[in-house]
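Along the sequence shown, residues carry numbers from 1. All values below were derived from every heavy atom in this structure, side-chain atoms included, with hydrogens, water molecules and symmetry-related copies excluded.
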Amino acid sequence: MAKHIQSVRGMNDILPDETSRWQFLEANIRRLLAAYGYSEIRLPVVEKTELFKRSIGEVTDIVEKEMYTFEDRNGDSLTLRPEGTAGCVRAAIENGLLHNQVHRLWYMGPMFRHERPQKGRYRQFHQVGVEVFGMAGPDIDAELILMSARLWKCMGLADDVSLQINSLGSTASRAAYREKLVEYFTANKEQLDEDSLRRLQSNPLRILDSKNPAMQALNEAAPKLINYLDDESKAHFDCLLAILDATGLSYEINPRLVRGLDYYGKTVFEWVTDKLGAQGTICAGGRFDALVEQLGSKPVPAIGFAMGLERLSSLLDEAIIPQQDYSPHAYLVLVGEAAQTLGMPLAEELRDLIPNLRLQVHCGGGSFKSQLKRADKSGAPLALIVAEEEAEKGMVSVKYLREKTEQLSCPKADLIKLLTEYIKY
């Protein structure tokens, strides 16, 4: 016997008993984004490797260690997308969506990173990304934050998450702050762990984001970026906070909330939870005003966020998810050769005449008794029975499987009326 082929480690199946949770998530997200006037964009799963090298940076863990990169038959280097923002910006530039225009866009789908799989972090994971182009003010920053807050309410998660927010300022103010930070960490070099030592010259802001408990006291005492903001960035941040305060939304200013990529500036935010262990960030966003220019177009202000569906799904394990009933309204039992010949045409006619009807047709033969067992197991409240007698008379018998109602036999016209009335409830 041939050996079973297993799935790739970190790339998981989503089985039928899990999909109701995912459908609940996706339906709420689609409905909310439409209500705020956001349009869906569908992006390729594979992009040219150069796109991610230019956007994320060649000297990063994602590009150096985590991307799934390969050469196609033409010798081009292609990569399974590790995140969605770069592809969305590429699509906006390529399709002329940016010049003197405003776009509110969103996308949903799988991303790929070759990381060590653990709960909440997989090699194939699913994200919803939201990106806005053409608006520079703090009002759109506030809208994205408030929209994400409303999503948690819609899904019953408002009490499980909290908002952290910070400002990264301008490129110039970050450069000044970076000097102070390097000076501070160099003076305390003996306290730095291996990751922090590696980041000291290349990306010192990322040291502040360390999850190592031994680094927390040192990071708490580090200079605060918010004290080095330029006037324009400070005014932007103050206005954003004023809008959030006016809506009554609670937040925490987290001076250690940073991004490892230079194209981020001004507003950054994260929604976090303490219910998922180390993988506590469920939504992360921020301004990336410099990225469009970095990818070869004229500068365009931009902001967005991404949220991981696996982590949201894990949070929903404890939430009350409305149960979607996808069981059939009726199960068509076909006994005998004549009935089987009539069965499929009858089923298709019923579906044409009653568009919302969920009708499962028995296939594979079997006795009348075994077919009724299948009908009962399907969850259908009605069994529609066509046997030799019904086939000869052009009738259908209706057996009630969930209530004590006498079985009846009716012509097709009466059956259509009965089913139409039945599925209203």
Checklist entry - Are there more than 12 heavy atoms of other residues, nucleotides or ligands under 6.0 Å from atom CG of D159? => result no
Checklist entry - So does E270 pair up with R259, basic N to acidic O under 4.0 Å? => result yes
Checklist outcome for this item: When every non-hydrogen atom of Y400 is compared with those of L418, the smallest separation belongs to OH-CD1, 3.8 Å
Next on the checklist: So which atom in V102 and which in G134 form the shortest heavy-atom distance, rounded to 0.1 Å?
Outcome noted: CG2-O, 3.8 Å
Item to check | Ion pair E232/K266, N-O distance below 4.0 Å | outcome: yes
Checklist outcome for this item: Applied to residues 288-310, the ring pair (Phe, Tyr, Trp, His ring centres under 6.0 Å) test, sequence neighbours excluded, yields none
Checklist entry - Under the side chain to side chain contact (heavy atoms under 4.5 Å, CB included) criterion, do Q101 and H103 qualify, and how do the steps go? => result CA-CA 7 Å; Q101 298 177 65; H103 284 283; 3.0 Å; yes
Checklist entry - Heavy atoms, side chains only, cut-off 4.5 Å: are T267 and L144 in contact? => result no
Next on the checklist: Check whether Y177 reaches the backbone of P223 with its side chain - one donor and one acceptor, N or O, closer than 3.5 Å.
Outcome noted: yes
Checklist entry - What is the minimum heavy-atom distance between S167 and L225, and which atoms define it? => result O-CD2, 3.5 Å
Next on the checklist: Between D195 and R198 (salt bridge meaning N to carboxylate O under 4.0 Å), is one present in this structure?
Outcome noted: yes
Item to check | Nearest non-hydrogen partners of H236 and G137, listed with the distance | outcome: CE1-C, 3.6 Å
All N/O donor-acceptor pairs, side-chain side in residues 180-187, below 3.5 Å, sequence neighbours left out:
{"unit_1": "Y184", "atom_1": "OH", "unit_2": "L218", "atom_2": "O", "d": "2.6"}
{"unit_1": "T186", "atom_1": "OG1", "unit_2": "V182", "atom_2": "O", "d": "2.6"}

Checklist entry - Should L350 and L332 count as side-chain neighbours, where that means a heavy-atom distance under 4.5 Å? => result no
Item to check | Polar contact flag, side-chain donor to acceptor under 3.5 angstrom, E179-Y228 | outcome: no
Checklist entry - Going through the checks in order, is the side chain to side chain contact (heavy atoms under 4.5 Å, CB included) test met by I62 and F52? => result CA-CA 9 Å; I62 294 175; F52 302 113; over 6 Å; no
Item to check | SB check D76 K48 (cutoff 4.0 Å) | outcome: no
Checklist entry - Any chance the side chains of S162 and E252 put a donor and an acceptor closer than 3.5 Å? => result no
Item to check | Closest contact, heavy atoms only, P381 versus Y422 | outcome: CB-OH, 3.4 Å
Checklist entry - Counting only heavy atoms not in K224, do more than 12 sit closer than 6.0 Å to its NZ atom? => result yes
Item to check | NZ/NE/NH1/NH2 to OD/OE distance under 4.0 Å, R351 and E348 | outcome: yes
Item to check | K399 side chain near I385 side chain, heavy-atom distance below 4.5 Å | outcome: yes
Checklist entry - Do any N or O atoms from the side chain of R287 and from the backbone of V268 form a donor-acceptor pair under 3.5 angstrom? => result no
Item to check | R178 atom CZ, neighbour heavy-atom count above 12 within 6.0 Å | outcome: yes
Checklist entry - Taking it one step at a time, do L151 and N28 satisfy side chain to side chain contact (heavy atoms under 4.5 Å, CB included)? => result CA-CA 7 Å; L151 179 62; N28 274 282; 4.3 Å; yes
Next on the checklist: So, using side chain to side chain contact (heavy atoms under 4.5 Å, CB included) as the criterion, who are the partners of P110 when residues are at least two apart?
Outcome noted: R81, F112, Q124, H126
Next on the checklist: Let me confirm one number: the CG-CZ distance from L208 to R199, rounded to the nearest 0.5 Å.
Outcome noted: 10.5 Å
Checklist entry - How long is the span from the OG1 atom in T49 to the CZ atom in R54, to the nearest 0.5 Å? => result 13.0 Å
Item to check | Student check: side-chain heavy atoms of C363 and M344 closer than 4.5 Å | outcome: yes
Item to check | Side-chain donor/acceptor of Q371 to backbone N/O of G366, under 3.5 Å | outcome: yes
Next on the checklist: Can you confirm whether R402 is buried at CZ, in the sense that more than 12 heavy atoms of other residues, nucleotides or ligands lie under 6.0 Å from that atom?
Outcome noted: yes
Next on the checklist: Under a 3.5 Å distance rule, please check whether N254 uses its side chain to pair with a backbone N or O of Q164 as donor and acceptor.
Outcome noted: no
Checklist entry - Any idea which heavy atoms bring L401 and A380 closest together, and the distance? => result CD1-O, 3.3 Å
Checklist entry - Counting heavy atoms not belonging to E194, are there more than 12 under 6.0 Å from its CD? => result no
Next on the checklist: For a side chain to side chain contact (heavy atoms under 4.5 Å, CB included) check, start with the C-alpha distance between E220 and R256, then their side-chain angles and the critical distance, and finish with the verdict.
Outcome noted: CA-CA 8 Å; E220 287 289 348; R256 293 185 293 126; 3.2 Å; yes
Checklist entry - Within a radius of less than 6.0 Å around CG of N95, do more than 12 heavy atoms belonging to other residues, nucleotides or ligands occur? => result yes
